Amino acid sequence: MRVVLAEDSVLLREGLVWVLGSGGMEVVSAVSDADGLLRAVDEQRPDLVITDVRMPPSHTDEGLRAALVLRRTHPGLPITVLSQYVEERYATQLLSTETSGIGYLLKDRVADVKEFVDALRRVAGGGTALDPEVVAQLLVRRHSDPLDLLTRREYEVLALIAEGRSNTGIAEALTVSEGAVGKHINNIFTKLGLSGADKDHRRVLAVLRFLKV
């Protein structure tokens with residue numbers, strides 16, 4: 001089994017290479033950032049991707065966002081997120097569509113190497129491997145907070161709407177076209193279930209949802 005690994009910690013990355021190798025897997029590329037992960041997958045066409053969530057440059061959610069990109073550009077590619085914490089918004093998106101070949105494991109809760117390797121093989125075979133703590137956090141929010149369905153850019157657009165910005169002002173702030181802003185806003189309305197109201201009223205309702213008033 002050919003694996004692409006993304007982990008910015010050198011010690012952990014090398015340790016995972018050894019663990020995977022001892023489990024009969026071949027790490028064809030081990031990278032330290034999300035851009036490297038995307039390139040490696042394009043070049044290597046692996047059987048499985050393992051990625052951390054927090055990676056350079058901002059050390060926030062680059063790895064998980066890269067996983068979402070890979071699920072769009074490489075449909076069916078098995079991906080396991082291996083992290084120290086649950087990033088709820090993007091994890092919800094990752095698990096909200098096709099869930100075959102998906103894993104989300106917490107580093108601190110991996111207590112047995114054999115079970116870990118077995119979980120990876122299960123994901124590579126089209127199954128799932130979800131830490132119970134991940135399930136507990138995600139499933140509740142997934143059904144209770146539609147804001148979790150927004151992409152990062154849509155969330156940024158909604159935040160600027162809450163500041164009272166016009167479409168033109170939002171476009172200038174994000175350095176995108178007004179047409180792109182309009183598409184993001186329509187997506188926000190749809191995901192928040194606001195498709196039935198008039199445009200101005202929907203902006204107000206969307207802001208209230210954002211502020212959780």
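Side chains are part of it too, since the values below use all heavy atoms of this structure and drop only hydrogens, waters and symmetry mates. What you are looking at is a predicted structure, and each value in this text was computed from that prediction instead of being measured.
Residues Met25 and Val117 have side chains in contact (heavy-atom distance under 4.5 Å, counting atoms from C-beta outward). Asp8 is not listed as a side-chain neighbour of Arg54, based on a closest heavy-atom distance of 4.5 Å or more. Taking the side chain as every heavy atom from C-beta outward, Glu7 and Val17 never approach each other to under 4.5 Å. When side chains are defined from C-beta on, Arg39 does not count as touching Val31, because their heavy atoms never get closer than 4.5 Å. Between Ile170 and His184, the closest side-chain pair of non-hydrogen atoms is not below 4.5 Å. Between Ile185 and Arg203, some side-chain heavy-atom pair lies under the 4.5 Å cut-off.
Residues Val27 and Phe116 share a single hydrophobic cluster, defined by chaining ILVMFWY side chains whose heavy atoms lie under 4.5 Å apart. Leu205 and Val157 fall within a single hydrophobic cluster, where Ile, Leu, Val, Met, Phe, Trp and Tyr side chains are chained together by heavy-atom contacts under 4.5 Å. Transitive grouping of hydrophobic side chains (ILVMFWY, heavy atoms separated by less than 4.5 Å) keeps Leu70 and Leu105 in distinct clusters. Leu130 and Leu120 fall into different hydrophobic clusters, defined by Ile, Leu, Val, Met, Phe, Trp and Tyr side-chain heavy atoms under 4.5 Å apart, directly or through other members. Linking Ile, Leu, Val, Met, Phe, Trp and Tyr whenever their side-chain heavy atoms come within less than 4.5 Å leaves Val123 and Tyr104 in two separate clusters.
Of all the heavy atoms in Asp33 and Pro56, the pair that sits closest is CB-O, 4.1 Å. In terms of heavy-atom proximity, Arg122 sits nearest to Thr128 at NE-O, 2.9 Å. Across all non-hydrogen atoms, the minimal contact from Gln44 to Ser29 is CG-CB, 4.3 Å. Arg165 and Ala173 make their closest contact through NH1-CB, 3.3 Å (heavy atoms, listed as atom of the first residue, atom of the second, distance). Ala40 approaches Val4 most closely through the heavy-atom pair CB-CG1, 3.9 Å. Looking at every heavy atom in both residues, Met55 comes nearest to Thr51 through CE-OG1, 3.6 Å.
Distance check: Asn187 CG to Leu158 CG gives 12.5 Å after rounding to the nearest 0.5 Å. How far CG of Leu38 is from CD of Glu62: 11.5 Å, rounded to the nearest 0.5 Å. To the nearest 0.5 angstrom, Asn186 atom CG is 11.5 Å from Leu194 atom CG. Atom CZ of Arg2 sits about 11.5 Å away from atom CG of Leu48, to the nearest 0.5 Å. Interatomic distance, CZ of Arg65 versus OG of Ser58, reported as 6.0 Å (0.5 Å rounding). Note that CG of Asp131 and NZ of Lys107 are 13.5 Å apart. Values are rounded to the nearest 0.5 Å.
Between Lys114 and Asp118 there is a salt bridge, with a side-chain nitrogen of the basic residue lying less than 4.0 Å from a carboxylate oxygen of the acidic one. One finds no salt bridge joining Arg13 and Asp52 here, because no Lys/Arg side-chain nitrogen approaches an Asp/Glu carboxylate oxygen to under 4.0 Å.
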#### Entry: Evaluation steps, side chain to side chain contact (heavy atoms under 4.5 Å, CB included), between Leu16 and Leu82
CA-CA 11 Å; Leu16 284 170; Leu82 183 62; 4.0 Å; yes
### Candidate pair Arg153 and Val176, rule side chain to side chain contact (heavy atoms under 4.5 Å, CB included), full reasoning
CA-CA 11 Å; Arg153 179 46 59 90; Val176 297; 3.4 Å; yes
